[in-house]
Peer 1: 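Sharing a structure below in structure tokens format, with a few things to ask.
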Amino acid sequence: MANAWVLNTLESHWDHCVRGPTDGTKHPDHHLGEPWHGIPEGGRSPDPSRLDPGDLFIVREKGIGVRGIWTFEEARRVTDQSILADSWRDHDGEMLDYEWILYCRGQPERELSTPFREDWTGDFPLETPHIMGTAIGSEEVIEAYVSHLLSHSISESSKSRLRDVLETEIEEDNQPADYEQPDRTRTESTRPIRDTTLTREMKETYDDVCMVCGDTRLKSPSDTYSEAHHLKPLGRPHEGPDNRRNILVLCPNHHADFDYGMIRVDPMSLEITHTQSDTDGSTLEVAPDHDIDEEFLRYHNEQIAKI
Ligand SMILES: [Zn+2]
């Protein structure tokens, strides 16, 4: 299944991002003129190893709102900084180094006819800055965000791609995404990509209490909220299992910290290492009937070492 990710671009970068690379001596031909996004070293962006071709990027321009909805195609590690736009690198006179380039397709909507300004005055459960910190890999926030986008005027093709993201059943598809085909054909067999019943049950087991900090967040005055995190991610290339032994129940902040590799957990003692939080040195709170597989904690820790 395609996942949706929120990308932030700076105002000064937008034009260059949406136009894409133009130099065929530095970029593969098939990426020329298609949108691209750079990840600076240490940047708060999706971990490229978690992206699958065909994933949807909801692209925001900071201070403006959503300006495009793109399809992710390929991530490449930057070995030569000269392939990047100077306008990206120059950060108030300081030259930033970039680690990754995310090459995209300008589909389903390269540039919205009018930017979607985020005005969460309705019953949207979280504030915008919070969304930006947690949108990555967080099903509930993405779902709320996408629903909100759907209620605004965007193209029909964007709507249909966004709805795809919300679906729980997907086509059995081990082939690379075919971008030339606007409507991907559904096959007869479908499989659930995420056992939402499972994650719902686990959140109930934990009463929406974060296993790291013990906090519970509210999404309304009477309704609590938590997020499920797969230690070994479900998507390629990780292919982690969707079962209890691979899942943690977390608050949005600690979910983001797991996604960004800010937290490691000792597989044996379950002691937490989190250098930027007072949870450092505490122990993961695990429910009596919840066995977490050491292998998956170890996998998570190994992924951090690669970031
Ligand atoms: Zn927490």
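As the structure lists them, so they are numbered: ligands from 1, and atoms in each ligand from 1.
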Peer 1: Glu73 vs His31, test: side-chain hydrogen bond (donor to acceptor under 3.5 Å, both in side chains). Steps then yes/no.
Peer 2: CA-CA 9 Å; Glu73 188 169 44; His31 293 313; 3.2 Å; yes
Peer 1: Just the protein N/O/S atoms under 2.8 Å from the Zn ion (ligand 1), please, no waters.
Peer 2: Cys210 SG, Cys213 SG, Cys251 SG, His254 ND1
Peer 1: Find out whether the Lys NZ or Arg CZ of Lys232 is both under 6.0 angstrom from the six-membered ring centre of Phe296 and within 45° of the ring's axis.
Peer 2: no
Peer 1: Between Asp293 and Arg298 (salt bridge meaning N to carboxylate O under 4.0 Å), is one present in this structure?
Peer 2: no
Peer 1: Over all heavy atoms of both residues, which pair between Leu56 and Pro108 is shortest? Give the atoms and the distance, please.
Peer 2: CD1-CD, 3.9 Å
Peer 1: Does a side-chain N-to-carboxylate-O contact under 4.0 Å join Arg244 and Glu201?
Peer 2: no
Peer 1: If you compare all heavy atoms of Val212 against all heavy atoms of Ser282, which two are closest, and at what distance to 0.1 Å?
Peer 2: O-OG, 4.3 Å
